[in-house]
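Reckoned from all heavy atoms, side chains included, excluding hydrogens, waters and symmetry mates.
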Amino acid sequence: MTMAMLAMAFAFTSCGSDDDDEIGGGSSAKEVCRLYFFDNGSQYLNRQYKLTVGTETKIIKIDDLKKETVAPESVESDAKVQLNEAKADGKTVNIYSYDVPATMHGDATLKSDFSVKDGVELPEKVDVLISGYICTGDEHRLQGHGNFFFMGGLAKDGVQGYLDRRNGSSLGSCSLK
């Protein structure tokens, strides 16, 4: 009987804790790093981002990304107020993602690299949406680090200045392992 009790005690202690696991998740879930972007499809702007991890920089163009239906809950929650403003009056905002290669490790920084398209005549008012999030975790639980900036009805003579200010600051940063 003592042997049976010891066997049961060993069985419970060797399984580990499942308290923090989500259904389908758990410690066996694959660690991922993914970028999420909200975009209003402005036809007047070159919309791209710079991801720097360690000493490597990658240019990411919105037009080359995978379109998504939703972003992680942490990102949606962080962007909620500005996202609702950007969607006002029936405007469309799309979500895109980019999987960061597993070979990229180190301190990561995400910056916008927007500009007015060459030869384009801007209308009197332009809606500018710049948003990017670095998300890390497993497929079921991603934590986002980023920002969402929306400037609705920006006067055309202020567009490039606004882009230059936003391009000069970091949208998000974290360490990728």
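Around NZ of Lys80, the count of heavy atoms belonging to other residues, nucleotides or ligands within 6.0 Å does not exceed 12.
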From CA spacing to verdict: side-chain contact (heavy atoms from CB on, under 4.5 Å), Val126, Met151
CA-CA 8 Å; Val126 179; Met151 180 61 75; over 6 Å; no

Go through it in stages, so that I can follow the logic: the residues are Leu154 and Asp127, the test is side-chain contact (heavy atoms from CB on, under 4.5 Å), and I'd like the CA-CA distance, side-chain angles, deciding distance and then a yes or no.
CA-CA 6 Å; Leu154 185 62; Asp127 289 345; over 6 Å; no

For Thr92 and Asn40, what are the C-alpha separation, side-chain angles and deciding distance, and is it a side-chain contact (heavy atoms from CB on, under 4.5 Å)?
CA-CA 6 Å; Thr92 300; Asn40 65 347; over 6 Å; no

Chi angles and distances behind the side-chain contact (heavy atoms from CB on, under 4.5 Å) call for Thr109, Leu51:
CA-CA 6 Å; Thr109 303; Leu51 173 65; over 6 Å; no

Taking it one step at a time, do Thr52 and Thr57 satisfy side-chain hydrogen bond (donor to acceptor under 3.5 Å, both in side chains)?
CA-CA 4 Å; Thr52 302; Thr57 298; 3.0 Å; yes

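Scanning all heavy atoms of the two residues, the minimum distance from Lys111 to Asn167 falls at CD-O, 4.0 Å. Leu142 and Gly137 make their closest contact through CD2-N, 3.7 Å (heavy atoms, listed as atom of the first residue, atom of the second, distance). When all heavy atoms are compared, the tightest approach of Ala108 to Val53 is CB-CG2, 3.9 Å. Closest approach of Ser131 to Leu171, counting heavy atoms only: C-CD1, 4.3 Å. Between Cys135 and Val75, the closest heavy-atom pair is SG-CG2, 3.4 Å. Residue Lys125 comes nearest to Gly153 through the heavy atom pair CD-O, 3.2 Å, listed as atom of the first residue, atom of the second, then distance.
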Side-chain polar contacts of residues 58-68 - donor-acceptor pairs under 3.5 angstrom, sequence neighbours left out - could you list them?
from	atom 1	to	atom 2	distance (Å)
Asp63	OD1	Arg47	NH2	3.4
Lys67	NZ	Asn94	OD1	3.3
Glu68	OE2	Ser97	OG	2.5

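The hydrophobic cluster containing Tyr96 does not contain Leu83, counting ILVMFWY residues as joined when their side-chain heavy atoms lie under 4.5 angstrom apart, directly or transitively. Clustering ILVMFWY residues whenever any of their side-chain heavy atoms sit less than 4.5 angstrom apart, transitively, puts Phe149 in the very cluster that holds Tyr49. Linking Ile, Leu, Val, Met, Phe, Trp and Tyr whenever their side-chain heavy atoms come within less than 4.5 Å leaves Tyr44 and Phe150 in two separate clusters.
For the atom pair OG (Ser173) and CG (Asp107), the distance works out to 8.0 Å, reported to the nearest 0.5 Å. Expressed to the nearest 0.5 Å, how far CG of Leu110 lies from CG of Asn147 amounts to 10.0 Å. Residue Leu122 holds its CG atom at 9.5 Å from CD of Glu124, rounded to the nearest 0.5 Å. Residue Gln82 holds its CD atom at 13.0 Å from CD1 of Ile130, rounded to the nearest 0.5 Å. To the nearest 0.5 Å, atom CG of residue Asp78 and atom CD of residue Gln143 are 9.5 Å apart. Taking CG of Leu163 as the start and CZ of Phe114 as the end, the distance is 7.5 Å to the nearest 0.5 Å.
A ring-ring contact (aromatic ring centres under 6.0 Å, His included) with Phe148 holds for exactly one of Tyr133, Phe37, Tyr36, Phe38; it is Phe38.
Of the charged side-chain nitrogens involved, none lies within less than 4.0 Å of a carboxylate oxygen, so that Glu73 and Arg141 do not count as a salt-bridged pair.
The backbone N or O of Gly144 lies less than 3.5 Å from a partner atom in the side chain of Ser74, making a donor-acceptor pair. In this structure a side-chain-to-backbone donor-acceptor pair under 3.5 Å is present from Ser170 to Gly172. The main-chain N or O of Lys91 is never found under 3.5 Å from a side-chain atom of Asp89 such that the two would form a donor-acceptor pair.
Contact annotation: the side chain of Val159 approaches that of Leu45 to within less than 4.5 Å [non-hydrogen atoms, C-beta and beyond].
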